[in-house]
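Structure, as C-alpha coordinates:
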Amino acid sequence: MYKSIGVEAEKTQTINTQLPAHIEVKDLNLWLDNKHILKNINVSIPKHSIISIIGPSGCGKSTLLKTLNRLLDDSAVIQLEGSVLVAGEDIYAKDAEVTTIRKRMGLLSQRPFPLPMSIFDNVAYGPKIHGERNKKILEQIVHEQLVNVGLWNEVKDRLHSSASLLSIGQQQRLCLARGLAVKPEIILGDESTSALDPISTQTIENLLISLKDDYTIVLVTHILRQARRVSDYILFLYDGEVIEFGKTEDILLNPKQELTQKYVKGFIS
Amino acid sequence: MSTAKRLRKEKIAKWIMRLSVLVISSSLLLIIGTVLCKGLPYLSWEMISQSPKGGFYIGKEGGVLNAIAGSLYLATASTILATCIGVPIAIYLHVYTRPTSLLKRFSKFLFDVLFGMPSIVYGAIAFSIMIWLGIRASLLGGIITVTLLTLPIVVRTISELLHTVPSDLQQITTSLGATKLEVAKILVLYIKPGLFTATLLAFGRAVGDVAGVLLTTGFTDNMPLYIDEPAATLPLAIFFQLTSPIPEVQGRAYASGLLLTLIILIVVICTNLLASKQKKHKL
(Lines give C-alpha, C1' and ligand atoms only; values in the text may rest on other atoms or scores of the structure.)
Protein backbone atom coordinates (compact mmCIF):
# COMPACT_ATOMS: atom_id res chain seq x y z
CA MET A 1 0.00 0.00 0.00
CA TYR A 2 2.69 2.45 1.06
CA LYS A 3 4.86 1.53 -1.84
CA SER A 4 2.43 2.82 -4.44
CA ILE A 5 1.94 6.05 -2.50
CA GLY A 6 5.69 6.51 -2.32
CA VAL A 7 6.10 6.02 -6.03
CA GLU A 8 3.28 8.44 -6.75
CA ALA A 9 4.76 11.06 -4.48
CA GLU A 10 8.15 10.67 -6.11
CA LYS A 11 6.75 11.09 -9.60
CA THR A 12 4.87 14.22 -8.58
CA GLN A 13 8.05 15.54 -6.98
CA THR A 14 10.09 15.16 -10.13
CA ILE A 15 7.49 17.07 -12.14
CA ASN A 16 7.24 19.84 -9.55
CA THR A 17 10.96 20.50 -9.20
CA GLN A 18 11.64 20.74 -12.95
CA LEU A 19 15.21 19.87 -12.04
CA PRO A 20 16.94 16.97 -13.75
CA ALA A 21 17.15 13.82 -11.63
CA HIS A 22 20.66 13.14 -10.38
CA ILE A 23 19.98 9.88 -8.57
CA GLU A 24 17.19 7.56 -9.59
CA VAL A 25 16.37 4.55 -7.48
CA LYS A 26 14.15 2.12 -9.34
CA ASP A 27 12.29 -0.84 -7.85
CA LEU A 28 15.04 -1.31 -5.28
CA ASN A 29 14.72 -4.30 -2.98
CA LEU A 30 17.52 -5.27 -0.65
CA TRP A 31 18.04 -8.25 1.63
CA LEU A 32 20.79 -8.40 4.22
CA ASP A 33 21.34 -11.85 5.72
CA ASN A 34 18.02 -12.86 4.14
CA LYS A 35 16.20 -10.04 5.91
CA HIS A 36 14.18 -7.79 3.62
CA ILE A 37 15.49 -4.33 4.53
CA LEU A 38 14.52 -2.10 1.61
CA LYS A 39 11.21 -2.74 -0.11
CA ASN A 40 10.33 -1.48 -3.59
CA ILE A 41 12.09 1.86 -3.29
CA ASN A 42 11.35 4.23 -6.16
CA VAL A 43 12.85 7.66 -5.68
CA SER A 44 14.12 10.35 -8.01
CA ILE A 45 16.52 12.80 -6.36
CA PRO A 46 16.85 16.16 -8.12
CA LYS A 47 20.26 17.63 -8.89
CA HIS A 48 21.78 20.31 -6.64
CA SER A 49 19.31 19.95 -3.82
CA ILE A 50 19.41 18.67 -0.26
CA ILE A 51 17.31 15.60 0.55
CA SER A 52 16.84 14.41 4.09
CA ILE A 53 15.91 10.80 4.68
CA ILE A 54 13.97 10.56 7.92
CA GLY A 55 12.30 7.69 9.73
CA PRO A 56 12.37 5.69 12.94
CA SER A 57 15.49 3.80 14.04
CA GLY A 58 16.06 0.61 12.06
CA CYS A 59 13.78 1.62 9.17
CA GLY A 60 16.60 1.33 6.61
CA LYS A 61 17.71 4.98 6.26
CA SER A 62 21.46 4.29 6.48
CA THR A 63 21.11 1.13 4.38
CA LEU A 64 19.42 3.14 1.62
CA LEU A 65 22.19 5.74 1.81
CA LYS A 66 24.89 3.08 1.59
CA THR A 67 23.29 1.46 -1.45
CA LEU A 68 23.85 4.76 -3.27
CA ASN A 69 27.65 4.31 -3.24
CA ARG A 70 27.76 0.51 -3.01
CA LEU A 71 29.21 0.52 0.49
CA LEU A 72 27.26 -2.62 1.31
CA ASP A 73 29.06 -4.68 -1.30
CA ASP A 74 31.32 -6.29 1.30
CA SER A 75 28.57 -6.84 3.86
CA ALA A 76 27.71 -10.30 5.07
CA VAL A 77 25.14 -11.63 2.61
CA ILE A 78 23.57 -9.07 0.36
CA GLN A 79 20.91 -9.59 -2.27
CA LEU A 80 19.82 -6.65 -4.36
CA GLU A 81 17.14 -6.21 -6.99
CA GLY A 82 16.33 -3.11 -9.01
CA SER A 83 18.68 -0.37 -10.05
CA VAL A 84 20.32 2.84 -8.87
CA LEU A 85 21.10 5.32 -11.63
CA VAL A 86 23.54 8.14 -10.99
CA ALA A 87 23.44 10.68 -13.82
CA GLY A 88 21.76 7.99 -15.88
CA GLU A 89 24.42 5.36 -15.25
CA ASP A 90 23.47 2.16 -13.44
CA ILE A 91 25.96 1.81 -10.59
CA TYR A 92 24.99 -1.83 -10.08
CA ALA A 93 25.61 -2.74 -13.73
CA LYS A 94 28.02 -5.64 -14.22
CA ASP A 95 30.66 -3.47 -15.90
CA ALA A 96 30.38 -0.64 -13.36
CA GLU A 97 33.74 0.19 -11.76
CA VAL A 98 33.10 0.42 -8.04
CA THR A 99 36.03 2.64 -6.98
CA THR A 100 35.06 5.24 -9.61
CA ILE A 101 31.44 5.14 -8.43
CA ARG A 102 32.50 5.73 -4.83
CA LYS A 103 34.81 8.57 -5.85
CA ARG A 104 31.75 10.37 -7.22
CA MET A 105 30.16 10.44 -3.77
CA GLY A 106 31.71 11.91 -0.65
CA LEU A 107 30.59 10.27 2.59
CA LEU A 108 30.27 12.05 5.92
CA SER A 109 29.81 9.51 8.68
CA GLN A 110 28.16 9.76 12.09
CA ARG A 111 31.40 10.42 13.90
CA PRO A 112 34.39 12.07 12.27
CA PHE A 113 37.08 9.55 11.40
CA PRO A 114 40.28 11.28 10.33
CA LEU A 115 42.80 8.91 8.78
CA PRO A 116 45.83 8.13 10.99
CA MET A 117 47.97 10.82 9.37
CA SER A 118 48.46 14.59 9.32
CA ILE A 119 45.81 17.22 8.49
CA PHE A 120 47.46 17.84 5.11
CA ASP A 121 47.69 14.14 4.26
CA ASN A 122 44.06 13.57 5.20
CA VAL A 123 42.85 16.02 2.58
CA ALA A 124 45.48 14.99 0.04
CA TYR A 125 44.79 11.25 0.55
CA GLY A 126 41.91 11.01 -1.97
CA PRO A 127 43.65 12.85 -4.83
CA LYS A 128 46.84 10.87 -4.13
CA ILE A 129 45.20 7.45 -4.44
CA HIS A 130 43.54 8.62 -7.64
CA GLY A 131 46.94 9.35 -9.14
CA GLU A 132 47.74 12.99 -8.27
CA ARG A 133 51.44 13.19 -7.43
CA ASN A 134 52.27 16.84 -8.17
CA LYS A 135 53.10 18.45 -4.81
CA LYS A 136 52.01 21.93 -5.88
CA ILE A 137 48.64 20.70 -7.14
CA LEU A 138 48.15 18.72 -3.90
CA GLU A 139 48.95 21.83 -1.84
CA GLN A 140 46.47 23.79 -3.93
CA ILE A 141 43.75 21.15 -3.41
CA VAL A 142 44.37 21.05 0.35
CA HIS A 143 44.24 24.85 0.59
CA GLU A 144 41.12 25.10 -1.56
CA GLN A 145 39.18 22.43 0.35
CA LEU A 146 40.20 23.65 3.79
CA VAL A 147 39.07 27.17 2.80
CA ASN A 148 35.88 25.62 1.42
CA VAL A 149 34.98 24.12 4.80
CA GLY A 150 36.16 27.15 6.77
CA LEU A 151 39.07 25.34 8.42
CA TRP A 152 42.07 26.95 6.72
CA ASN A 153 42.59 29.83 9.16
CA GLU A 154 42.34 27.47 12.12
CA VAL A 155 44.90 24.93 10.86
CA LYS A 156 47.17 26.72 8.38
CA ASP A 157 50.06 26.78 10.88
CA ARG A 158 49.83 23.09 11.82
CA LEU A 159 49.00 21.35 8.58
CA HIS A 160 51.55 18.62 9.28
CA SER A 161 50.44 17.83 12.81
CA SER A 162 48.18 14.89 13.59
CA ALA A 163 44.53 15.29 12.61
CA SER A 164 43.53 13.75 15.93
CA LEU A 165 44.61 16.91 17.72
CA LEU A 166 41.68 18.83 16.19
CA SER A 167 38.40 19.28 18.06
CA ILE A 168 35.58 16.95 17.06
CA GLY A 169 33.81 19.73 15.12
CA GLN A 170 37.04 20.57 13.27
CA GLN A 171 37.57 16.86 12.56
CA GLN A 172 34.14 16.63 10.95
CA ARG A 173 34.92 19.64 8.75
CA LEU A 174 38.26 18.04 7.88
CA CYS A 175 36.42 14.86 6.87
CA LEU A 176 34.14 16.94 4.67
CA ALA A 177 37.20 18.60 3.08
CA ARG A 178 38.74 15.15 2.55
CA GLY A 179 35.57 13.96 0.84
CA LEU A 180 35.35 17.07 -1.35
CA ALA A 181 39.00 16.78 -2.40
CA VAL A 182 38.19 13.84 -4.69
CA LYS A 183 35.74 16.12 -6.52
CA PRO A 184 32.53 14.18 -5.98
CA GLU A 185 29.15 15.05 -7.49
CA ILE A 186 27.18 13.93 -4.50
CA ILE A 187 27.62 14.27 -0.73
CA LEU A 188 26.14 11.57 1.46
CA GLY A 189 25.74 12.33 5.16
CA ASP A 190 24.86 9.59 7.62
CA GLU A 191 23.65 11.43 10.73
CA SER A 192 26.79 13.47 10.28
CA THR A 193 26.14 15.93 13.08
CA SER A 194 24.93 13.48 15.72
CA ALA A 195 28.26 13.54 17.60
CA LEU A 196 28.73 17.31 17.38
CA ASP A 197 27.90 20.19 19.72
CA PRO A 198 25.25 22.74 18.61
CA ILE A 199 27.79 25.27 17.29
CA SER A 200 29.68 22.69 15.23
CA THR A 201 26.33 21.31 14.03
CA GLN A 202 25.33 24.76 12.83
CA THR A 203 28.68 25.20 11.06
CA ILE A 204 28.27 21.88 9.22
CA GLU A 205 24.64 22.67 8.32
CA ASN A 206 25.60 26.09 6.93
CA LEU A 207 28.41 24.46 4.98
CA LEU A 208 26.06 21.91 3.44
CA ILE A 209 23.61 24.64 2.45
CA SER A 210 26.44 26.62 0.82
CA LEU A 211 27.63 23.51 -1.05
CA LYS A 212 24.19 22.84 -2.50
CA ASP A 213 24.90 24.90 -5.63
CA ASP A 214 27.64 22.49 -6.67
CA TYR A 215 26.58 19.17 -5.17
CA THR A 216 23.56 16.99 -4.67
CA ILE A 217 23.33 16.26 -0.97
CA VAL A 218 21.58 13.27 0.60
CA LEU A 219 21.39 13.29 4.38
CA VAL A 220 20.16 10.73 6.85
CA THR A 221 18.92 12.41 9.98
CA HIS A 222 16.71 11.62 12.92
CA ILE A 223 16.45 15.27 13.91
CA LEU A 224 13.36 16.78 12.30
CA ARG A 225 14.48 20.33 13.13
CA GLN A 226 17.67 19.70 11.19
CA ALA A 227 15.73 18.35 8.22
CA ARG A 228 13.59 21.50 8.34
CA ARG A 229 16.64 23.78 8.51
CA VAL A 230 18.72 22.30 5.71
CA SER A 231 16.71 20.21 3.31
CA ASP A 232 14.69 21.05 0.22
CA TYR A 233 13.01 17.67 0.17
CA ILE A 234 12.23 15.01 2.73
CA LEU A 235 11.86 11.30 2.19
CA PHE A 236 10.04 9.49 4.97
CA LEU A 237 10.98 5.83 5.29
CA TYR A 238 9.14 3.36 7.49
CA ASP A 239 10.02 -0.32 7.80
CA GLY A 240 12.04 -0.20 4.58
CA GLU A 241 9.30 1.43 2.51
CA VAL A 242 8.98 4.95 1.18
CA ILE A 243 5.87 6.39 2.81
CA GLU A 244 6.09 9.92 1.54
CA PHE A 245 8.50 12.02 -0.47
CA GLY A 246 8.03 15.71 -1.05
CA LYS A 247 9.03 19.27 -0.33
CA THR A 248 10.21 19.85 3.22
CA GLU A 249 7.37 22.16 4.18
CA ASP A 250 4.76 19.81 2.68
CA ILE A 251 6.07 16.79 4.60
CA LEU A 252 6.55 18.59 7.90
CA LEU A 253 3.51 20.89 7.87
CA ASN A 254 1.03 19.12 5.70
CA PRO A 255 1.83 15.40 5.46
CA LYS A 256 -0.59 13.36 3.39
CA GLN A 257 0.00 9.99 4.96
CA GLU A 258 -1.19 9.05 8.43
CA LEU A 259 2.15 7.43 9.32
CA THR A 260 4.04 10.58 8.33
CA GLN A 261 1.67 12.67 10.46
CA LYS A 262 2.26 10.38 13.41
CA TYR A 263 6.04 10.48 12.95
CA VAL A 264 6.18 14.25 12.52
CA LYS A 265 4.05 14.73 15.62
CA GLY A 266 6.28 12.36 17.57
CA PHE A 267 3.77 9.57 18.10
CA ILE A 268 6.11 7.04 16.50
CA SER A 269 9.87 7.07 16.76
CA MET B 1 19.52 -7.75 47.16
CA SER B 2 20.20 -5.33 49.98
CA THR B 3 22.87 -2.64 49.66
CA ALA B 4 24.88 -4.11 52.56
CA LYS B 5 24.95 -7.51 50.82
CA ARG B 6 26.04 -5.94 47.53
CA LEU B 7 28.82 -4.01 49.26
CA ARG B 8 29.96 -7.17 51.05
CA LYS B 9 30.11 -8.99 47.70
CA GLU B 10 32.11 -6.11 46.21
CA LYS B 11 34.56 -6.28 49.13
CA ILE B 12 35.04 -10.06 48.83
CA ALA B 13 35.56 -9.84 45.06
CA LYS B 14 38.12 -7.07 45.54
CA TRP B 15 40.08 -9.15 48.06
CA ILE B 16 40.03 -12.23 45.82
CA MET B 17 41.42 -10.12 42.97
CA ARG B 18 44.07 -8.56 45.22
CA LEU B 19 45.11 -12.03 46.39
CA SER B 20 45.41 -13.24 42.78
CA VAL B 21 47.62 -10.26 41.89
CA LEU B 22 49.74 -10.93 44.99
CA VAL B 23 50.15 -14.66 44.25
CA ILE B 24 51.11 -14.07 40.61
CA SER B 25 53.43 -11.15 41.37
CA SER B 26 55.23 -13.04 44.13
CA SER B 27 55.60 -16.13 41.92
CA LEU B 28 57.20 -13.98 39.21
CA LEU B 29 59.43 -12.28 41.75
CA LEU B 30 60.40 -15.70 43.13
CA ILE B 31 61.40 -16.91 39.66
CA ILE B 32 63.40 -13.76 38.89
CA GLY B 33 64.91 -13.82 42.41
CA THR B 34 66.00 -17.47 42.05
CA VAL B 35 67.58 -16.82 38.67
CA LEU B 36 69.31 -13.72 40.04
CA CYS B 37 70.57 -15.38 43.26
CA LYS B 38 71.77 -18.56 41.62
CA GLY B 39 72.93 -17.05 38.34
CA LEU B 40 74.56 -13.77 39.32
CA PRO B 41 77.62 -15.36 41.03
CA TYR B 42 78.42 -17.24 37.80
CA LEU B 43 77.76 -14.32 35.46
CA SER B 44 80.98 -12.89 34.13
CA TRP B 45 82.34 -11.15 31.07
CA GLU B 46 83.77 -14.54 30.08
CA MET B 47 80.21 -15.98 29.97
CA ILE B 48 79.09 -13.37 27.45
CA SER B 49 82.22 -13.05 25.36
CA GLN B 50 83.39 -16.64 24.89
CA SER B 51 82.21 -19.94 23.49
CA PRO B 52 82.11 -22.95 25.87
CA LYS B 53 85.24 -24.89 26.62
CA GLY B 54 85.42 -28.53 27.66
CA GLY B 55 81.97 -29.55 26.43
CA PHE B 56 78.59 -27.98 27.17
CA TYR B 57 77.58 -30.81 29.53
CA ILE B 58 80.64 -30.90 31.78
CA GLY B 59 82.59 -27.80 30.79
CA LYS B 60 83.06 -25.22 33.54
CA GLU B 61 84.98 -22.75 31.44
CA GLY B 62 84.25 -20.41 28.61
CA GLY B 63 80.86 -18.83 28.00
CA VAL B 64 77.63 -19.09 26.08
CA LEU B 65 78.32 -16.57 23.32
CA ASN B 66 77.54 -19.21 20.69
CA ALA B 67 74.13 -19.83 22.30
CA ILE B 68 73.39 -16.09 22.63
CA ALA B 69 74.23 -15.59 18.95
CA GLY B 70 72.26 -18.71 17.95
CA SER B 71 69.19 -17.59 19.89
CA LEU B 72 69.33 -14.06 18.49
CA TYR B 73 69.79 -15.31 14.90
CA LEU B 74 66.99 -17.84 15.24
CA ALA B 75 64.50 -15.58 17.04
CA THR B 76 65.14 -12.53 14.85
CA ALA B 77 64.97 -14.44 11.56
CA SER B 78 61.85 -16.40 12.51
CA THR B 79 60.09 -13.30 13.89
CA ILE B 80 60.80 -11.37 10.69
CA LEU B 81 59.62 -14.31 8.57
CA ALA B 82 56.49 -14.88 10.68
CA THR B 83 55.63 -11.15 10.52
CA CYS B 84 56.21 -10.99 6.77
CA ILE B 85 53.94 -14.01 6.20
CA GLY B 86 51.48 -13.39 9.05
CA VAL B 87 50.58 -9.76 8.32
CA PRO B 88 49.36 -10.47 4.75
CA ILE B 89 47.39 -13.50 6.00
CA ALA B 90 45.64 -11.44 8.70
CA ILE B 91 45.01 -8.56 6.27
CA TYR B 92 43.62 -10.89 3.61
CA LEU B 93 41.25 -12.57 6.04
CA HIS B 94 40.06 -9.23 7.45
CA VAL B 95 39.84 -7.05 4.35
CA TYR B 96 39.36 -9.39 1.40
CA THR B 97 37.00 -12.02 2.78
CA ARG B 98 33.38 -11.53 3.85
CA PRO B 99 32.46 -12.10 7.51
CA THR B 100 30.52 -15.22 6.54
CA SER B 101 33.24 -16.63 4.28
CA LEU B 102 33.95 -20.31 4.83
CA LEU B 103 37.65 -19.71 4.24
CA LYS B 104 37.71 -17.04 6.93
CA ARG B 105 35.94 -19.23 9.47
CA PHE B 106 38.06 -22.26 8.67
CA SER B 107 41.31 -20.25 8.82
CA LYS B 108 40.34 -18.76 12.18
CA PHE B 109 39.65 -22.24 13.54
CA LEU B 110 42.90 -23.56 12.07
CA PHE B 111 45.02 -20.78 13.59
CA ASP B 112 43.29 -21.28 16.95
CA VAL B 113 44.32 -24.95 16.88
CA LEU B 114 47.87 -24.16 15.70
CA PHE B 115 48.15 -21.48 18.41
CA GLY B 116 47.59 -24.05 21.12
CA MET B 117 49.69 -26.83 19.61
CA PRO B 118 52.78 -27.78 21.70
CA SER B 119 56.09 -26.82 20.10
CA ILE B 120 57.41 -30.40 20.27
CA VAL B 121 54.75 -31.33 17.68
CA TYR B 122 56.06 -28.60 15.35
CA GLY B 123 59.57 -29.92 16.00
CA ALA B 124 58.57 -33.51 15.24
CA ILE B 125 56.76 -32.55 12.01
CA ALA B 126 59.62 -30.32 10.86
CA PHE B 127 62.13 -33.07 11.75
CA SER B 128 60.24 -35.63 9.62
CA ILE B 129 60.15 -33.20 6.70
CA MET B 130 63.86 -32.47 7.13
CA ILE B 131 64.69 -36.20 7.03
CA TRP B 132 62.53 -36.58 3.93
CA LEU B 133 64.30 -33.64 2.26
CA GLY B 134 67.72 -34.83 3.44
CA ILE B 135 68.40 -31.71 5.53
CA ARG B 136 70.32 -32.20 8.76
CA ALA B 137 69.65 -30.37 12.02
CA SER B 138 70.71 -26.79 11.39
CA LEU B 139 70.00 -23.14 12.05
CA LEU B 140 67.83 -23.12 8.92
CA GLY B 141 65.77 -26.06 10.21
CA GLY B 142 65.29 -24.22 13.50
CA ILE B 143 64.29 -20.97 11.79
CA ILE B 144 61.67 -22.78 9.68
CA THR B 145 60.28 -24.64 12.71
CA VAL B 146 60.13 -21.57 14.92
CA THR B 147 58.57 -19.51 12.09
CA LEU B 148 55.78 -22.08 11.87
CA LEU B 149 55.47 -21.96 15.64
CA THR B 150 55.20 -18.16 15.84
CA LEU B 151 53.06 -17.66 12.73
CA PRO B 152 49.73 -18.39 14.52
CA ILE B 153 50.72 -15.90 17.25
CA VAL B 154 51.31 -13.16 14.69
CA VAL B 155 48.16 -13.93 12.69
CA ARG B 156 45.93 -14.12 15.77
CA THR B 157 47.33 -11.00 17.42
CA ILE B 158 47.05 -8.94 14.24
CA SER B 159 43.54 -10.28 13.55
CA GLU B 160 42.50 -9.16 17.03
CA LEU B 161 44.10 -5.77 16.42
CA LEU B 162 42.27 -5.38 13.11
CA HIS B 163 38.98 -6.12 14.85
CA THR B 164 39.61 -3.12 17.12
CA VAL B 165 39.74 -0.75 14.12
CA PRO B 166 36.39 1.10 13.89
CA SER B 167 34.48 -0.27 10.89
CA ASP B 168 33.67 3.33 9.93
CA LEU B 169 37.35 3.98 9.20
CA GLN B 170 37.37 1.15 6.68
CA GLN B 171 34.08 2.38 5.21
CA ILE B 172 35.29 5.98 4.98
CA THR B 173 38.48 4.96 3.19
CA THR B 174 36.46 2.76 0.84
CA SER B 175 34.06 5.63 0.15
CA LEU B 176 36.96 7.77 -1.08
CA GLY B 177 37.39 5.27 -3.90
CA ALA B 178 40.25 3.37 -2.29
CA THR B 179 41.01 -0.16 -3.43
CA LYS B 180 41.16 -2.92 -0.83
CA LEU B 181 44.95 -2.76 -0.81
CA GLU B 182 44.80 0.97 -0.07
CA VAL B 183 42.27 0.30 2.70
CA ALA B 184 44.65 -2.34 4.10
CA LYS B 185 47.49 0.22 4.17
CA ILE B 186 45.34 2.58 6.26
CA LEU B 187 44.44 -0.25 8.63
CA VAL B 188 48.12 -1.18 9.06
CA LEU B 189 48.88 2.48 9.76
CA TYR B 190 46.16 2.49 12.40
CA ILE B 191 47.34 -0.66 14.18
CA LYS B 192 51.08 0.13 13.85
CA PRO B 193 51.74 0.48 17.61
CA GLY B 194 50.04 -2.89 18.16
CA LEU B 195 52.19 -4.49 15.46
CA PHE B 196 55.20 -4.06 17.75
CA THR B 197 53.37 -5.96 20.47
CA ALA B 198 52.57 -8.79 18.05
CA THR B 199 56.22 -8.92 17.01
CA LEU B 200 57.33 -8.89 20.63
CA LEU B 201 55.05 -11.82 21.49
CA ALA B 202 56.42 -13.77 18.54
CA PHE B 203 60.03 -12.95 19.50
CA GLY B 204 59.41 -13.94 23.11
CA ARG B 205 58.03 -17.31 22.06
CA ALA B 206 60.83 -17.82 19.52
CA VAL B 207 63.73 -16.96 21.80
CA GLY B 208 62.47 -19.12 24.65
CA ASP B 209 61.46 -22.23 22.75
CA VAL B 210 63.25 -25.49 23.57
CA ALA B 211 61.13 -28.35 22.26
CA GLY B 212 60.79 -27.02 18.71
CA VAL B 213 64.53 -26.54 18.24
CA LEU B 214 65.64 -29.66 20.13
CA LEU B 215 65.19 -31.88 17.08
CA THR B 216 65.68 -29.37 14.28
CA THR B 217 68.55 -27.04 15.25
CA GLY B 218 70.91 -29.45 16.97
CA PHE B 219 73.61 -28.18 19.31
CA THR B 220 77.25 -27.22 19.03
CA ASP B 221 80.00 -25.54 21.02
CA ASN B 222 80.94 -23.49 17.99
CA MET B 223 79.70 -20.08 16.91
CA PRO B 224 76.87 -20.30 14.34
CA LEU B 225 78.56 -19.15 11.15
CA TYR B 226 76.56 -20.98 8.50
CA ILE B 227 72.82 -21.37 8.16
CA ASP B 228 73.07 -25.05 7.17
CA GLU B 229 75.05 -26.05 10.25
CA PRO B 230 73.82 -26.90 13.76
CA ALA B 231 73.57 -23.98 16.14
CA ALA B 232 73.31 -23.63 19.91
CA THR B 233 70.45 -21.70 21.51
CA LEU B 234 70.24 -20.35 25.06
CA PRO B 235 67.22 -22.43 26.16
CA LEU B 236 68.94 -25.62 24.99
CA ALA B 237 72.19 -24.56 26.67
CA ILE B 238 70.25 -24.07 29.91
CA PHE B 239 68.63 -27.49 29.48
CA PHE B 240 71.95 -29.28 28.98
CA GLN B 241 73.73 -27.35 31.74
CA LEU B 242 70.94 -28.04 34.23
CA THR B 243 71.07 -31.77 33.58
CA SER B 244 74.81 -31.83 34.36
CA PRO B 245 75.82 -33.43 37.69
CA ILE B 246 78.48 -30.74 38.25
CA PRO B 247 77.23 -27.89 40.52
CA GLU B 248 79.34 -25.22 38.73
CA VAL B 249 77.79 -26.17 35.39
CA GLN B 250 74.32 -26.03 36.98
CA GLY B 251 75.13 -22.56 38.29
CA ARG B 252 76.10 -21.51 34.78
CA ALA B 253 72.60 -22.62 33.67
CA TYR B 254 71.09 -19.96 35.94
CA ALA B 255 73.53 -17.38 34.60
CA SER B 256 72.39 -18.33 31.07
CA GLY B 257 68.78 -17.99 32.26
CA LEU B 258 69.62 -14.53 33.54
CA LEU B 259 71.08 -13.62 30.15
CA LEU B 260 67.96 -14.88 28.38
CA THR B 261 65.79 -12.81 30.74
CA LEU B 262 67.95 -9.74 30.05
CA ILE B 263 67.62 -10.23 26.26
CA ILE B 264 63.81 -10.38 26.60
CA LEU B 265 63.87 -7.34 28.91
CA ILE B 266 65.87 -5.30 26.39
CA VAL B 267 63.52 -6.34 23.56
CA VAL B 268 60.43 -5.43 25.66
CA ILE B 269 61.85 -2.00 26.53
CA CYS B 270 62.80 -1.27 22.91
CA THR B 271 59.39 -2.43 21.64
CA ASN B 272 57.54 -0.32 24.19
CA LEU B 273 59.61 2.72 23.30
CA LEU B 274 58.88 2.24 19.59
CA ALA B 275 55.18 1.62 20.25
CA SER B 276 54.80 4.73 22.43
CA LYS B 277 56.62 6.79 19.79
CA GLN B 278 54.12 5.51 17.22
CA LYS B 279 51.15 6.19 19.51
CA LYS B 280 52.18 9.83 19.76
CA HIS B 281 51.77 10.17 16.00
CA LYS B 282 48.67 8.04 15.85
CA LEU B 283 45.11 9.28 15.89
Side-chain angles (χ1 to χ4, degrees), chain A residues 32-33 62 65-66 68-78 97-119 121-123 125-131 160-166 171 175 178-184 186-188 190 195, chain B residues 87 90-108 158-159 161-198 274-283:
Chain A
L32 276 177
D33 292 327
S62 295
L65 193 83
K66 284 171 186 170
L68 302 183
N69 67 346
R70 291 189 55 174
L71 265 187
L72 294 170
D73 279 18
D74 298 326
S75 295
V77 180
I78 179 175
E97 217 286 292
V98 72
T99 52
T100 318
I101 290 163
R102 286 174 183 151
K103 182 179 172 282
R104 292 166 71 182
M105 302 180 209
L107 178 73
L108 211 52
S109 62
Q110 261 182 19
R111 280 181 55 216
F113 275 102
L115 303 176
M117 45 182 76
S118 70
I119 297 168
D121 288 336
N122 258 278
V123 185
Y125 178 76
K128 269 186 190 171
I129 59 167
H130 291 292
H160 296 285
S161 60
S162 172
S164 63
L165 300 172
L166 297 174
Q171 285 185 12
C175 292
R178 184 184 60 200
L180 295 179
V182 292
K183 300 200 186 307
I186 297 158
I187 298 171
L188 307 173
D190 189 1
Chain B
V87 172
I91 292 275
Y92 177 78
L93 293 175
H94 187 81
V95 180
Y96 287 83
T97 57
R98 287 168 185 267
T100 49
S101 150
L102 203 66
L103 176 71
K104 187 176 197 154
R105 279 150 63 190
F106 176 71
S107 304
K108 193 182 173 298
I158 293 171
S159 296
L161 281 170
L162 287 169
H163 278 293
T164 64
V165 179
S167 59
D168 279 22
L169 186 75
Q170 194 169 335
Q171 216 162 63
I172 285 293
T173 318
T174 308
S175 77
L176 289 167
T179 59
K180 289 193 172 175
L181 185 65
E182 285 153 353
V183 172
K185 281 182 190 168
I186 293 292
L187 297 185
V188 169
L189 218 55
Y190 193 87
I191 62 161
K192 216 166 157 187
L195 274 178
F196 291 109
T197 314
L274 278 169
S276 63
K277 205 175 167 190
Q278 287 298 323
K279 268 180 196 160
K280 274 183 195 166
H281 300 291
K282 199 196 149 196
L283 281 167

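Throughout, a chain's letter reflects where its sequence line sits, starting with A, and its residues are numbered from 1. Computed from a predicted structure; not experimentally measured. The basis for the numbers below is simple: all heavy atoms, side chains too, and nothing from hydrogens, waters or symmetry mates.
The neighbour count for Arg111(A) CZ, taken as heavy atoms of other residues, nucleotides or ligands under 6.0 Å away, does not exceed 12. The local environment of NZ in Lys185(B) is sparse, with at most 12 non-hydrogen atoms from other residues, nucleotides or ligands closer than 6.0 Å.
Annotation: maximal heavy-atom pairing with chain A below 4.5 Å, among Thr97(B), Thr179(B), Thr174(B), occurs at Thr174(B). Taking Ser161(A), Pro184(A), Ser109(A) one by one and counting their heavy-atom pairs under 4.5 Å with chain B, the maximum is reached by Ser109(A).
The residue from Leu71(A), Val182(A), Leu188(A), Leu108(A) that alone fulfils the side-chain contact (heavy atoms from CB on, under 4.5 Å) condition with Ser175(B) is Leu71(A).
Under the rule for a salt bridge (Lys or Arg N to Asp or Glu O under 4.0 Å), Asp168(B) has no partner lying at least two apart in sequence or in another chain.
Residue Asp190(A) does not touch chain B at all, counting heavy-atom pairs closer than 4.5 Å. For Arg70(A), no part lies under 4.5 angstrom from a heavy atom of chain B.
Looking at heavy atoms from C-beta onward, Gln171(B) lies out of side-chain contact with Asn69(A) at the 4.5 angstrom threshold. Counting heavy atoms from C-beta outward, Leu176(B) and Leu107(A) have side chains that stay 4.5 Å or more apart. The shortest side-chain heavy-atom distance between Tyr125(A) and Glu182(B) falls under the 4.5 Å cut-off.
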